[in-house]
Amino acid sequence: MEHTRRITRPAVLAAVLAGTALVAAGCTAPGSAPDESTTHTSGPMPAAIQSILDDPRYAEGRWGLSVVDLDSGQTLLEQNPHDEFQTGSTAKILSVTAALADLGPDHRIDTPVYALGEVSGGGVLDGDLVLQGAGDLTLGGRTKADGTIDIPIFDHYDANALPGVATLTPEDPVAGLDELARQVAASGITRVGGDVLVDDRLWDPVVLDEVPITPIVVNDNLLDLLVTPGAEGSPATATSRPQTAAYRVTVDVTTGAPDSQIDLDVTDDGQGSLMLSGSVPAGADPIVHTYQVPDPATWARTLFIEALQRAGVEVDASATAANDAAALPPTSALGATAPVAVLASPPFSETAKLINKVSHNLGANQLPLLLAAQAGQRTLDNGLALQWVQMQKGGLTSADATVLDGQGLPGNVITPAGMTGYLDHLTTTDTFDTFFDSTPILGVDGSLASVLPKGDPATGHGHAKTGTLVEPRPGGGYTLVTKALAGYIDAESGHRLAFAVFVNDVPMDSVQGVFQANSDLGAVASALYSTY
């Protein structure tokens, strides 16, 4: 999801940077400017593309373009190729490929549970049970029977930004916790006499765009609210998922006219009570709305205790109490203890696909932190420095890019030529096929599913990553900070192209302009397919 600071995003909106700049901390690549002496043979701009660049709606904006024929090495098109442009979520190309290089496509994350204390003959644990977050993005909640991750076109992660189109995957969001609980019961524990604790200390706390980036994630740390309209003028009803005592939900949603807008909001009293209010149109299918939990460790603790109870393990501690992080033993003490339960994640290739297909911000922001943890380090700065090592291998320097996070919040910039050079480099790496398969397919799935008109000949012939950042303007309207698309086109000629196209700083009267920009970049990709 190309996100906002609580601005909803139609087909991907994003706004104000909440992270800290890391340039001074060494998170731009060292090196010299690109070699301007390299010969580029850039032909005339195809008329279909030039007409988009010249459209009056972009008159106050700025375009950047780089297109390279990977078979010949020829640069086919350029516009402002060495100027910096806001990446939006095309930054996920950088974070995902760095993680693929360092972790490997087959890397799996083990989430352990430790029993601290003696277990009596009757199965009573005289001590605490600790669930240790290890950075598994899905924790079994999206895993299908074949071991792959379920990835819809419009994910619940986007529900509030795309009202009425997001869907819930059929998998049980607490399936992983249930599996861990069954293993705890199978170990002989029938009752936990102490507390149940969640250890989220794998890396130092990080909050980006008001979202905690934690190593413990259950259901994307979201409470799903499924709202069903009634008859016009009558109350709507709602159910929550997962079913849990973590939150008490009161519903005050009316059913409006069939052509009315979806308008939903959740308020939190800070004491575990949520109020879902607003209105939904009569005749609509059930509508997904979500609530971002502010304390993922306490959320996971409650859900795990409930899973233990379902598995027949009694817990003396209150299920809805806050997670007592101060009661956790030193990490070294946990590491010296054999776990009583372990859940293995799907291979990282599946997580990469989830992150890229639906533009999953939380997952992307975990990646540099996972790199840091693997290296025995703890901070986002550490992880971004490790990401830069991989970016440098792709030829990127401080003249080409600046990275601040994994998802692509404002302040992350790259040049069009830097992006196509990096995309070219990726084709020589051992993990290229995995990366290529992880990206949205033009006109087929993920964030590119609806970017082309039906029957467009380019459908299925491009793999690329979208990027969108939108900010409200004082006095009304919006600024399209960036709309971006970068990846590969398997052109009609049989040649493979690497391309990067950006438009920045476009004033818009309404967010409908984002949809138009999305379609326009799709049209650019289609023209590249047909022209080259």
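Only a predicted model underlies this, so the values are computations on that prediction, with no experimental measurement involved.
Using a 4.5 Å heavy-atom threshold, the side chains of Pro242 and Leu303 count as touching. Here the side chains of Leu442 and Val444 are not in contact, with every heavy-atom distance at 4.5 Å or above. Using a 4.5 Å heavy-atom threshold, the side chains of Ile414 and Tyr422 count as separate. The shortest distance between side-chain heavy atoms of Asp102 and Gln374 falls below 4.5 Å. In this structure, Leu334 and Pro329 have side chains that are in contact, with non-hydrogen atoms separated by less than 4.5 Å. Using a 4.5 Å heavy-atom cutoff, the side chains of Val266 and His289 are in contact. A 4.5 Å side-chain heavy-atom check between Ile305 and Val192 finds every atom pair outside the cut-off. Proximity of Phe304 to Val196: side-chain heavy atoms (C-beta onward) are separated by under 4.5 Å at one or more points.
Arg378 and Asp204 are joined by a salt bridge, as a carboxylate oxygen and a charged side-chain nitrogen come within less than 4.0 angstrom of each other. A salt bridge does not link Asp437 with Lys353: none of the charged nitrogens is closer than 4.0 Å to a carboxylate oxygen. Lys92 and Asp405 are not joined by a salt bridge, as no carboxylate oxygen comes within less than 4.0 angstrom of a charged side-chain nitrogen. Between Asp269 and Arg248 there is no salt bridge, since none of the side-chain N atoms of the basic residue sits less than 4.0 Å from a carboxylate O of the acidic one. Between Asp195 and Arg301 there is a salt bridge, since at least one side-chain N of the basic residue sits less than 4.0 Å from a carboxylate O of the acidic one.
A side-chain N or O of Glu306 and one of Thr244 form a donor-acceptor pair less than 3.5 Å apart. Defined by atom type and a distance below 3.5 Å, a donor-acceptor pair is present between the side-chain atoms of Thr148 and Asp146. No side-chain donor from either of Asn356 and Lys465 sits under 3.5 Å from a side-chain acceptor of the other. Counting only N and O atoms by type, the side chains of Asn219 and Asp224 include a donor and acceptor under 3.5 Å apart. A donor and an acceptor atom, one from each side chain of Asn221 and Gln292, are nowhere located under 3.5 Å apart.
In this structure, Ile151 CD1 and Ile355 CD1 are separated by 10.0 Å, a value rounded to the nearest 0.5 Å. From His156, atom NE2 reaches atom OG1 of Thr290 across 7.5 Å, with rounding to the nearest 0.5 Å. Phe515 contributes atom CZ, which lies 8.0 Å from atom OG of Ser450 (distance to the nearest 0.5 angstrom). Here Gln132 contributes atom CD and Leu197 contributes atom CG; the two are 12.0 Å apart, rounded to the nearest 0.5 Å. Taking CG of Leu354 as the start and OG of Ser438 as the end, the distance is 10.5 Å to the nearest 0.5 Å. Considering CD1 of Ile262 and CG of Asn160, their distance stands at 11.0 Å, rounded to 0.5 Å.
Listed by first and then second residue, the ring pair (Phe, Tyr, Trp, His ring centres under 6.0 Å) pairs that reach into residues 229-256 are Tyr247-Tyr291, sequence neighbours excluded.
Within 6.0 Å of the CD atom in Gln261, the count of heavy atoms belonging to other residues, nucleotides or ligands does not exceed 12. By the 6.0 Å contact criterion, CG on Asp316 is enclosed, its count of non-hydrogen atoms from other residues, nucleotides or ligands being greater than 12.
Of the possible polar contacts, one joining the Asp172 side chain to the Val174 backbone as a donor-acceptor pair under 3.5 Å is found. The closest donor-acceptor contact from the side chain of Asp128 to the backbone of Leu116 lies at 3.5 Å or more, if one exists at all. Between the side chain of Gln366 and the backbone N or O of Pro215 there is no donor-acceptor pair closer than 3.5 Å. Proximity of a side-chain donor or acceptor of Asn382 to a complementary backbone N or O of Thr379 within less than 3.5 Å is detected. Between the side chain of Thr190 and the backbone N or O of Gly122, at least one donor-acceptor pair lies under 3.5 Å. A side-chain donor-acceptor contact under 3.5 Å links Asp295 to the backbone of Thr298. At least one donor-acceptor pair under 3.5 Å links the side chain of Glu350 to the backbone N or O of Ile149. Using a distance-only test at 3.5 Å, with no hydrogens or angles considered, no donor-acceptor pair links the side chain of Ser240 to the main chain of Gln243. Distance alone, capped at 3.5 Å, places no donor-acceptor pair between the Ser89 side chain and the Gly467 backbone. In this structure, Thr302 contributes its side chain and Ala319 its backbone to a donor-acceptor pair below 3.5 Å.
Minimum interatomic distance between Val218 and Ala300 (heavy atoms only, all atoms of both residues): CG2-CB, 4.0 Å. The two residues Ala341 and Gln183 make their nearest non-hydrogen contact at CA-OE1, 3.2 Å. Residues Thr167 and Pro152 share a closest heavy-atom pair of OG1-CB, 3.7 Å. Closest approach of Leu380 to Pro368, counting heavy atoms only: CD1-CG, 3.8 Å.
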Exercise. So Asn365 and Val206, side chain to side chain contact (heavy atoms under 4.5 Å, CB included) or not? Walk me through it.
Worked result: CA-CA 9 Å; Asn365 284 327; Val206 174; over 6 Å; no
For this session: Would you please test Asn361 and Val211 for side chain to side chain contact (heavy atoms under 4.5 Å, CB included) and show each step?
Result: CA-CA 9 Å; Asn361 289 333; Val211 176; over 6 Å; no
Problem set entry | Stepwise side chain to side chain contact (heavy atoms under 4.5 Å, CB included) test for Ile441 and Leu448 | CA-CA 6 Å; Ile441 302 172; Leu448 290 180; over 6 Å; no
Exercise. Given the rule in the side chain to side chain contact (heavy atoms under 4.5 Å, CB included) test, do Leu276 and Thr250 qualify, once you have shown the distances and angles that lead to the verdict?
Worked result: CA-CA 6 Å; Leu276 173 65; Thr250 301; over 6 Å; no
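Every residue meeting the ring-ring contact (aromatic ring centres under 6.0 Å, His included) condition with Tyr488, not counting sequence neighbours, appears here in chain and number order: Phe432, Phe436. Taking Tyr114 as the reference, nothing meets the ring-ring contact (aromatic ring centres under 6.0 Å, His included) condition, with sequence neighbours excluded.
With Arg142 as the partner, the side-chain hydrogen bond (donor to acceptor under 3.5 Å, both in side chains) test is satisfied by one option alone out of Asp155, Asp150, Thr169: Asp155.
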